[in-house]
Amino acid sequence: MTTSRSGAAWASLLTGLASVATIPVAVYATRFSGSYDLLHAGFAIPIATALGIAAVVLARRGRRRSSLTLSAPRQPWPATAGRVLGILGICLAASALIALGVYGLLEYVGSRD
């Protein structure tokens with residue numbers, strides 16, 4: 001089976017999983033720290049974005065390598081799953097960025113009173 005030989009596809013899957021898990025883990029870590037507030041979890045947004053982009057790029061590389069082999073006409077499932085998880089990680093990072101933007105706007109409007 002040639003899908004097990006595609007390192008880029010499996011790396012895409014693992015990177016996509018890390019991208020999806022970054023924001024929830026950062027938010028969950030705020031519950032156990034006295035000096036790490038929920039607002040500080042926003043520092044995980046660029047990490048989740050970078051991991052998501054890396055997952056999409058690795059998935060593309062894995063699919064391309066799979067299409068060049070003669071024995072595997074199908075697309076490898078780890079590359080497809082990694083691509084989906086990478087896009088989901090980017091979407092989670094975007095929603096966290098929007099949430100921080102709304103929070104900042106509400107703080108600004110509330111401080112004007």
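Note that this is a predicted model, so its numbers are computed, not measured.
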Can I get a per-line list of side-chain donor-acceptor pairs under 3.5 Å for residues 87-99, giving both atom names and the distance, sequence neighbours left out?
{"unit_1": "S95", "atom_1": "OG", "unit_2": "C91", "atom_2": "O", "d": "3.4"}
{"unit_1": "S95", "atom_1": "OG", "unit_2": "L92", "atom_2": "O", "d": "2.8"}

Indicate, with yes or no, if I23 and Y28 share a hydrophobic cluster defined by side-chain heavy-atom contacts under 4.5 Å among Ile, Leu, Val, Met, Phe, Trp and Tyr. no
Should V25 and L85 be counted in the same cluster of Ile, Leu, Val, Met, Phe, Trp and Tyr side chains packed under 4.5 Å apart? no
Do you know the tightest heavy-atom contact between P24 and V20? CD-O, 3.2 Å
For a quick test of reading the model, state the closest non-hydrogen atom pair linking P78 to L13 and the distance between them. O-CB, 3.8 Å
Report, one line per pair, each donor and acceptor closer than 3.5 Å where one atom sits in a side chain of residues 51-62; sequence neighbours left out.
none

Spell out, as yes or no, whether a donor-acceptor pair under 3.5 Å connects the side chain of T15 to the backbone of S12. no
List the atom pairs, with distances to 0.1 Å, where a side-chain N or O of residues 31-50 and a protein N or O form a donor-acceptor pair under 3.5 Å, not counting sequence neighbours.
{"unit_1": "S33", "atom_1": "OG", "unit_2": "S35", "atom_2": "N", "d": "3.4"}
{"unit_1": "S33", "atom_1": "OG", "unit_2": "Y36", "atom_2": "N", "d": "3.1"}
{"unit_1": "H40", "atom_1": "ND1", "unit_2": "D37", "atom_2": "N", "d": "2.9"}
{"unit_1": "T49", "atom_1": "OG1", "unit_2": "I45", "atom_2": "O", "d": "2.9"}

